[in-house]
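Keep in mind that what you see is a predicted model, and the values were worked out from it rather than measured.
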Amino acid sequence: MRTAAVIGTGLIGTSAALALSARGITVHLRDADPDAVRTAASLGAGTAEEPEGPVDLAIIAVPPAMIASVLADCQRQNLARWYTDVASVKAGPRQDIAALGCDTVHYIGSHPMAGAERNGPLAARADLFEGRTWVLTPTPETDTDTLNAALELVALCGAVPVVMDAVAHDRAVALVSHTPQVLASLVAARLEHAEENAVRLAGPGIRDTTRIAGSNPLMWVEILSANAGVVADILEELAADLGGAVAGLRALQAADEAKREQGALAVADVLRRGNAGRARIPGKHGAPPTRYETVVVVIGDQPGELARLFAEAGRVGVNIEDVLIEHSTGQQVGLVQLMVAPAAAGVLTAALQERGWRVRSDR
């Protein structure tokens, strides 16, 4: 691949353009908003100039409802040899594309499983897709060269390709992405009018649960509209589980001991099923989940403290598998949770304490 066009210079489109430009690909940028194009170009994502002839690959990074019409326009203009889109739903756009009679031989749907709470070209990063899954949804009409062009795009962006059926993809993202977005927003909405003293008690649990609730509502309405039926089905299943959990919690308040026992069993069942589902989420590098132990360190809010902590771990040969930071309310300190292999927890704890860190191991 030597040339590409990116239609839609939001977070995903501009990030792809930045990644390709960094690899020496000439990228031509298009967007209905000229300011967005200028911003993306100023970041080094490509040029606002039109190509002199067909580019190798056109990447359509617009809302799902617009994919088919934009693809049709691009194909009429003979913009590229091959085409792909990066929308987070695939079945609906595919039906729209077929209805408009687009060329499906030289088109393949795709979806990089990456994003951020912020949107727009200023939120874009060239490394946004590195190590992330990038789903490709070819059809029987998709020719080999089109698939290879998409695979090259994925490789240039540092992502990991996964081939799926479009309908199966939409069901999967409804479960692991779209429904969690709605649930995070529902939980965060409880905080809107909560008392200030209650909100000040917020810790890492509520922050983790509601992180994605900070996403752009208009963007998510577009995404959810394109996958509404599947998301609604999952939410109905969740509603049934939620009803059972509510009934169980009410029963825990009953005067009758038998009812309290039934309530405890119902609540425990939900929590156990949650454990089982959580355990199925892939671990490091896609491997089966691994149990780590946590070393908790009290750290001051000064420049260089976190780097010094990581350096200390490196000096004793301990690899930090994951890290979480909890900021203390009202104090200039925080808690850094270092996830390490079980055998390394004691070694790291002793080494850090010896060097003056306030530390404990959650074993």
CG/L136 to NZ/K90 distance, rounded to the nearest 0.5 angstrom? 9.5 Å
With distance as the sole test, does D165 use its side chain to make a donor-acceptor pair with the main-chain N or O of A168 at under 3.5 Å? yes
So, Q262 side chain and A251 main chain: donor-acceptor pair closer than 3.5 Å or not? no
Name the one of T142, T84, T146, D85 that satisfies side-chain hydrogen bond (donor to acceptor under 3.5 Å, both in side chains) with Y107? D85
Could you state the interatomic distance from CE (M113) to OG (S177), rounded to the nearest 0.5 Å? 5.5 Å
From the options T349, V340, L352, select the one residue that forms a side-chain contact (heavy atoms from CB on, under 4.5 Å) with V318. V340
So does R190 have more than 12 non-hydrogen atoms from other groups sitting under 6.0 Å from CZ? no
Could you check whether any side-chain N or O of Q181 sits under 3.5 Å from a backbone N or O of I212, counting only pairs where one atom can act as donor and the other as acceptor? yes
Full working for salt bridge (Lys or Arg N to Asp or Glu O under 4.0 Å) between R81 and D145: CA-CA 10 Å; R81 298 170 65 190; D145 289 340; 5.9 Å; no
Do the side chain of D56 and the main chain of T3 share a donor and acceptor less than 3.5 angstrom apart? yes
Has R171 got more than 12 heavy atoms of other residues, nucleotides or ligands less than 6.0 Å from its CZ? no
Side-chain donor/acceptor of D31 to backbone N/O of V37, under 3.5 Å: no
OG of S88 to CD of E222, rounded to nearest 0.5 Å, is 10.0 Å
Determine whether more than 12 heavy atoms belonging to other residues, nucleotides or ligands lie under 6.0 Å from atom CZ of R355. yes
Stepwise side chain to side chain contact (heavy atoms under 4.5 Å, CB included) check, I97 with T104: CA-CA 8 Å; I97 286 167; T104 55; 3.9 Å; yes
